[in-house]
Trainee: 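What follows is a structure written as structure tokens; I'll ask about it next.
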Amino acid sequence: MALPASAVRAFEPPPQPERGAPACTTCPRRHSRVEAELAASRLGSVAAPVRAGPPRGVSHGFNSRPLLEKPRKASSSLAGAACAPLFALLSRGRRRRMHVLRRRWDLGSLCRALLTRGLAALGHSLKHVLGAIFSKIFGPLASVGNMDEKSNKLLLALVMLFLFAVIVLQYVCPGTECQLLRLQAFSSPVPDPYRSEDESSARFVPRYNFTRSDLLRKVDFDIKGDDLIVFLHIQKTGGTTFGRHLVRNIQLEQPCECRVGQKKCTCHRPGKRETWLFSRFSTGWSCGLHADWTELTSCVPSVVDGKRDSRLRPSRKDKRGSPNTNAGANSPSSTKAWNTSKSRKNFHYITILRDPVSRYLSEWRHVQRGATWKASLHVCDGRPPTSEELPSCYTGDDWSGCPLKEFMDCPYNLANNRQVRMLSDLTLVGCYNLSVMPEKQRNKVLLESAKSNLKHMAFFGLTEFQRKTQYLFEKTFNMNFISPFTQYNTTRASSVEINEEIQKRIEGLNFLDMELYSYAKDLFLQRYQFMRQKDHQEARRKRQEQRRFLKGRLLQTHFLSQGQGQSQNLNQNQSQNPNPNANQNLTQKLTQNLVQNLTQSSSQKENRESPKQNPGKEENDSTGNGTNDYIGSVEKWR
């Protein structure tokens, strides 16, 4: 019976190597390499360049060697014999793609391996360098006691961490009073409280030219005397929040008494039963709901003096004469009215302004919820307007639920240019009678009057700059708030989404308010920069006074020591020389030379430190005046 071919091949002796081929060795690795070369040479030129490798889907491992362009030896005869025919059966494009993929994989693994080994070598070198440094610095400290290697490393790590913390603390907080040591610093960073709050450019470029008297606003407010702060509250400008700050957030000798459940607070002067604040939260709406400038200037003096009857006080026409329709805000009648309102008592008017578009949208949302302000009197020239002069935009009890388009379409809506109307002198244009003058001239007079009244007010703030508003109020009235103001970036107006067309229409309806707000913002920021610069100059002046005081002390000490030494020399000379006049002249000459040298050196140092002086400050032109300043500073600080 004939055996199968597989059985016959199994009983046959192993094939002998061909002539010229290397002989088999007992080394299994060399034996496998020889068999792989023989198998690759028999398969032809196509499969020979393909290196043997693991089957498809089997990873080489992280530390595998990169694939080179030249053929690589197979790891075993079976792998070389199995993979080569498979790659030979693939198409040329498929084989090229397989080579590219495997080459990329091997290059990526090579880069990762090099990066890992490089980082390990760098860490090892850094460890040796740091170890050498700390062994030299902290060698005696680490050698104290019988501590093992782990204890030494832990001690060095703690010392290094402590030194790093000390260096960082001294760099961040070099002074003695460090804000970072407070508990609030660990919860939130401490930004600049006067940064740009409306996300505008930090560098402010002024547009208007104001004088020093316009920028310098510092009121000598006497709360124990007759001074009175009058708050002109414009709707939807943040006046309610600012009014609460005035009655609850100011450091006073006698704070306002605010009871729970009551809107008004009792703000009396120290030792008197008189109020120092005329606002919604102190006196209520004594001159009407949201009274404007025209109402307040004629109502506040009589209310404060107890003359509530309008017939007992002079009318606006008696104080100014007939309304001058061709006069602007800087007319003599307007100036006279301002001076008359302040002549009887020291009335300091303040107000808050807001961006016109945001204020308009906020008022529309407020009207949607049912607000009407029907209680507003709108008294002008001694009488309220008639229904023909000021028609209503709605027929029902309120205008709740009105859409924005209907709110903008009403031509008699008082929300249009409300800030200009409430800050201007309405008697200059015939109050609410639109037939007195043309509309273009009326708008010009109202705008100029509003700008003039705003500029002459004791203080005004902007809703978009809460911290700057707080700063200017504190500097103007010399009154400090207990807690800082909060800037609210999310309001009801910000939740209203409008397109560009609606925004342009709102700006067109409030074109006078847009011009007034641009003017007010420029004046506000210029006042802020002026006051900040003045604070820096004051701080520098105090530092100079302290240096002068120290120099004066040094000069005084030097004079005393020199006088004692000269007195001792004089006593010796008197004992040796019977002529006392020569010793006295010598002493006076030495003292004069010493004073002159010290004065010249101190004046030269001051000139180097402050080469530029402000025009408002006085400068000493002689060295003798410098000596007098030193002596005067010494006497002053004594």
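FYI, the numbering just counts along the sequence from 1. Because the structure is predicted, anything quoted here is derived from the model rather than measured.
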Trainee: Under the rule for side-chain contact (heavy atoms from CB on, under 4.5 Å), what residues qualify as partners of Glu439, not counting sequence neighbours?
Mentor: Asn443

Trainee: Under the side-chain contact (heavy atoms from CB on, under 4.5 Å) rule, collect the residues that match up with Leu509, sequence neighbours excluded.
Mentor: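 Counting only residues at least two positions away or on another chain, Leu509 forms a side-chain contact (heavy atoms from CB on, under 4.5 Å) with Tyr360, Met408, Asn416.
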
Trainee: State plainly whether the residues Arg269 and Glu274 are in salt-bridge range, i.e. N to O under 4.0 Å.
Mentor: yes

Trainee: If you draw the axis of the six-membered ring of Trp373, does the NZ or CZ of Arg418 fall within 45° of it and under 6.0 Å from the ring centre?
Mentor: yes

Trainee: Any carboxylate oxygen within less than 4.0 angstrom of a Lys/Arg side-chain nitrogen, looking at Glu448 and Lys444?
Mentor: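 Salt bridge absent between Glu448 and Lys444.
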
Trainee: Holding to side chain to side chain donor-acceptor pair (under 3.5 Å), I want the full list of residues that pass it with Gln526, two or more places apart in sequence or in another chain.
Mentor: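 Gln526: side chain to side chain donor-acceptor pair (under 3.5 Å) contacts with Asp522.
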
Trainee: Counting distance only, does the side-chain N/O of Gln251 pair as donor-acceptor with the main-chain N or O of Asn480 below 3.5 Å?
Mentor: no

Trainee: Students often mix this up, so state it plainly: with edges at 30° and 60°, are the rings of Phe485 and Phe481 parallel, tilted or perpendicular?
Mentor: perpendicular

Trainee: Which atom pair, heavy atoms only, marks the closest approach of Phe473 to Phe242?
Mentor: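 Closest heavy-atom pair between Phe473 and Phe242: CD1-CZ, 4.0 Å.
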
Trainee: Between Asp535 and Arg540, does any side-chain N to carboxylate O distance fall below 4.0 Å?
Mentor: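 Answer for the salt bridge query: no.
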
Trainee: Taking the inter-plane angle between the rings of Trp276 and Phe221 on a 0 to 90° scale, is it parallel (under 30°), tilted (30 to 60°) or perpendicular (over 60°)?
Mentor: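 It falls in the perpendicular class, over 60°.
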
Trainee: Which atoms form the tightest heavy-atom contact between Met422 and Ala291, and what is the distance?
Mentor: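 Taking Met422 first and Ala291 second, the nearest heavy atoms are CE-O, 3.8 Å.
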
Trainee: Any chance you could lay out the salt bridge (Lys or Arg N to Asp or Glu O under 4.0 Å) test for Lys521 and Glu464, step after step, and finish with the verdict?
Mentor: CA-CA 10 Å; Lys521 184 177 180 180; Glu464 288 75 18; over 6 Å; no

Trainee: Hydrogens and angles aside, do Thr211 and Asp214 bring a side-chain donor and acceptor to less than 3.5 Å of each other?
Mentor: yes

Trainee: Once ring-ring contact (aromatic ring centres under 6.0 Å, His included) is applied, what residue pairs with a partner in residues 429-453 remain, sequence neighbours excluded?
Mentor: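 Qualifying pairs, neighbours excluded: His378-Tyr432.
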
Trainee: Check side chain to side chain donor-acceptor pair (under 3.5 Å) between Thr240 and all other residues, then give those that pass, not counting sequence neighbours.
Mentor: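 Arg280.
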
Trainee: Ignoring hydrogens and geometry beyond distance, is a side-chain donor-acceptor pair present between Gln470 and Glu474 at under 3.5 Å?
Mentor: yes

Trainee: Tell me, please, which residues at least two apart from Asn478 pass side-chain contact (heavy atoms from CB on, under 4.5 Å).
Mentor: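 Expected list: none.
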
Trainee: Applying disulfide bond (SG atoms under 2.5 Å apart), which residue pairs with at least one partner in residues 443-496 are found, sequence neighbours left out?
Mentor: none

Trainee: Could you check whether Trp399 and Gln368, counting side-chain N and O atoms only, form a donor-acceptor pair closer than 3.5 Å?
Mentor: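 No, Trp399 and Gln368 have no side-chain donor paired with an acceptor closer than 3.5 Å.
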
Trainee: Please identify each residue that fulfils disulfide (SG to SG under 2.5 Å) with Cys393, with sequence neighbours left out.
Mentor: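 In terms of disulfide (SG to SG under 2.5 Å), with neighbours along the sequence ignored, Cys393 is linked to Cys410.
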
Trainee: Does Leu289 reach the side chain of Leu377, with side-chain heavy atoms less than 4.5 Å apart?
Mentor: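 A side-chain contact is absent here, since even the closest heavy-atom pair is not under 4.5 Å.
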
Trainee: Among all residues two or more places apart in sequence or in another chain, which pass the side chain to side chain donor-acceptor pair (under 3.5 Å) test with Ser435?
Mentor: Asn433

Trainee: For Ser483, check side chain to side chain donor-acceptor pair (under 3.5 Å) against everything at least two apart and list the hits.
Mentor: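 Ser483: side chain to side chain donor-acceptor pair (under 3.5 Å) contacts with Asn249.
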
Trainee: Using the test side-chain contact (heavy atoms from CB on, under 4.5 Å), find all partners of Arg217 that sit at least two apart in sequence or belong to another chain.
Mentor: Thr476, Arg527

Trainee: Taking distance alone, no hydrogens or angles, what donor-acceptor pairs closer than 3.5 Å link side-chain atoms of residues 254-261 to residues at least two apart or in another chain?
Mentor:
| from | atom 1 | to | atom 2 | distance (Å) |
| --- | --- | --- | --- | --- |
| Gln254 | OE1 | Gly271 | N | 3.4 |

